[in-house]
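Structure first, then comments.
The structure displayed is predicted, hence computed values, not measured ones. Order of the sequence lines fixes the chain letters, A, B, ..., with proteins taken first and strands second; residue numbering starts at 1 for each chain.
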Number of protein chains: 2
Amino acid sequence: MGKTAVNTLERRTGIALWRQVADQIRQGVITGLQANDRLPPEAELAARFGVNRHTVRSAIAALEKEGIVRAEQGRGTFLNDRKRLRYPIGQRTRFSSGLQSQARTRSGKLISSQTCPAPLKVSEALALASGAEVVRLETVSSADGVPVSAATSWFEAARFAEIAEIYGQTGSITASLALLGVADYTRKSTGIQARHASKEDLDLLALSPGAIVLLTEAVDIDAEAKPVLFGQSRFAADRVELAIENTVSPPPQAASKEEMA
Amino acid sequence: MGKTAVNTLERRTGIALWRQVADQIRQGVITGLQANDRLPPEAELAARFGVNRHTVRSAIAALEKEGIVRAEQGRGTFLNDRKRLRYPIGQRTRFSSGLQSQARTRSGKLISSQTCPAPLKVSEALALASGAEVVRLETVSSADGVPVSAATSWFEAARFAEIAEIYGQTGSITASLALLGVADYTRKSTGIQARHASKEDLDLLALSPGAIVLLTEAVDIDAEAKPVLFGQSRFAADRVELAIENTVSPPPQAASKEEMA
DNA sequence: AGTTATTTGTCCGTATGTATT
DNA sequence: CAATACATACGGACAAATAAC
């Protein structure tokens with residue numbers, strides 16, 4: 001038999017059919033199932049999904065506006081290839097050096113900053129007295145001009161009062177901390193969640209409604225194991241993959257603490 | 001001014017307004033912003049979201065069917081609390097011991113298994129000759145009876161021919177490998193992505209359409225650093241948080257030179 | 001040249017779902 | 001529980017561009 005493929009779409013779920021079709025096609029892209037070339041013709045897709053051709057056309061129109069595919073009259077509809085960046089997370093997590101080999105240019109932009117009493121979660125993460133003053137930075141990091149992550153970072157105000165200004169100039173957390181006397185810092189812990197992007201993140205990351213973000217919560221510590229930074233980053237899930245590479249030291253015991261590239 | 005909170009919902013995105021409202025309320029739950037008690041009255045929510053009260057009612061009806069909230073005549077609408085499990089990822093990643101302290105019971109169920117030639121990605125991950133035979137396991141792991149993750153795992157067939165049967169009995173990868181002579185294994189690498197759940201995962205994880213999964217791709221190696229397992233797990237993003245805890249060995253003393261942009 | 005088949009693009013009308021008043 | 005406006009989904013028909021023969 002042909003491809004009766006009953007990829008059962010659900011009706012009256014509050015999500016339009018054309019969007020469900022678009023989501024499925026997009027997922028086909030990111031799974032890497034399809035190469036960089038032609039999609040099946042609209043009529044075939046319609047049959048495959050069990051919907052009208054117009055519905056498929058709506059889906060394709062949406063994908064085209066997103067830049068996922070391009071439709072050419074008479075020829076067909078083609079996938080635009082877009083690879084995910086690989087963002088390494090480990091004891092030594094840094095935006096710029098982590099993407100060094102994958103993007104020609106990287107940049108960090110300061111969106112806003114504020115000094116205020118620390119929320120409970122922040123004071124705990126930074127091991128501060130409850131109510132201590134902290135600086136909050138809202139930043140967006142891009143690779144080759146494409147926004148990759150939006151981050152909210154908290155620093156102890158007493159120690160890092162000028163970090164907002166310095167970050168505004170350097171565009172780099174690592175560089176800013178270095179200027180403020182933190183020669184080196186390491187990642188203590190990272191929590192990872194996934195959710196739909198908020199309205200603000202849609203703007204900051206130039207995503208379309210319904211997009212997914214990978215949300216990381218991390219604490220960085222200095223050489224004396226004192227917390228310097230609590231950060232909450234939202235990565236555009238269709239542009240980034242988080243990679244945890246455990247430095248090659250198999251079972252416990254003798255561990256090599258070196259890093260290499 | 002009251003709370004004119006313009007959480008601007010987007011129209012004609014293919015996602016019905018009532019569903020966007022429901023999603024926002026649900027996210028409020030999972031972010032922990034709201035306690036376990038009462039939601040604002042419908043009229044206030046309507047004002048807050050800038051929609052009609054009927055629309056809010058549709059949203060709440062949907063959330064009630066999902067078990068997220070309960071509406072009570074004359075009293076109001078209340079949140080049912082649900083916390084995320086914390087799933088640790090590190091060199092020693094194991095399902096059961098990782099959730100030990102958070103769930104009374106844990107179990108792994110074998111959905112299906114198959115022996116076939118390794119796909120390219122799998123043979124590379126396991127360092128096998130291309131086309132080597134592998135065993136593929138489809139499993140679902142649950143905590144306190146609630147499905148947490150659906151996983152696809154590949155093993156070298158020559159070495160682990162009976163793993164499907166053994167897993168079916170033990171319900172544990174660690175136990176199964178032990179019975180097959182792998183006393184210990186460690187995590188070599190973990191990649192993390194996020195996407196919408198596929199139709200199959202919606203079933204396996206008992207999720208509702210539009211749900212998000214955290215997708216991890218991991219390679220586990222034995223004491224001789226030989227790959228034993230390539231696994232692809234899908235975690236229900238609204239039930240689980242992935243946690244990367246870097247074993248406390250702060251900075252490598254000798255300052256860093258290899259970093260910086 | 002032309003002719004046909006394939007595929008995307010546009011137009012018509014109609015029924016149902018969604019959202020507001 | 002209306003009445004209304006708009007978005008969504010379907011069905012059919014034809015035009016326009018492309019490719020192959």
Ignoring hydrogens and angles, are the base of D:dG12 and the side chain of A:Arg53 linked by a donor-acceptor pair under 3.5 Å?
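By the distance-only test, no, there is no pair.
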Has the side chain of A:His54 got a donor or acceptor that lies under 3.5 Å from a partner of the other kind on the base of C:dG9?
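Under the 3.5 Å cut-off, the side chain and the base do not form any donor-acceptor pair.
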Of the options [options], whose atoms approach the side-chain atoms of [X] most closely?
X: A:Asn52; options: C:dT8, D:dG11, C:dT7; value: D:dG11
X: B:Thr55; options: C:dA19, D:dA16, C:dT10; value: C:dA19
X: B:Ala16; options: C:dT10, D:dC10, C:dT18; value: C:dT18

With a 4.0 Å cut-off on N to O distance, would you call A:Glu42 and A:Arg57 a salt bridge?
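Salt bridge: yes.
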For A:Arg75 and A:Thr13, take the nucleotide of DNA chain C holding the closest heavy atom to each; which residue's nucleotide lies nearer the 5' end?
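Taking each residue's closest nucleotide, the earlier one in sequence belongs to A:Arg75.
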Tell me which of B:Leu17 and A:Glu42 sits closer to the 5' end of DNA chain C, going by the nucleotide each one is nearest to.
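Looking at the nearest nucleotide for each, A:Glu42 comes out on the 5' side.
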Using OP1 and OP2 only, check whether a side-chain N or O of A:Arg38 sits under 4.0 Å from C:dT7.
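Yes, within the criterion.
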Under 4.0 Å, counting only non-hydrogen atoms across every strand here, what does A:Ser58 touch: a base, just sugar-phosphate, or nothing?
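Answer is nothing: A:Ser58 stays at 4.0 Å or more from every strand.
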Assign B:Arg11 to base, sugar-phosphate, or nothing according to its heavy-atom contacts below 4.0 angstrom with the strands shown.
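It contacts sugar-phosphate atoms only.
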Euclidean distance, atom CZ of residue B:Arg12 to atom P of C:dT20 [Å, nearest integer]:
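It is 13 Å, rounded to the nearest whole Å.
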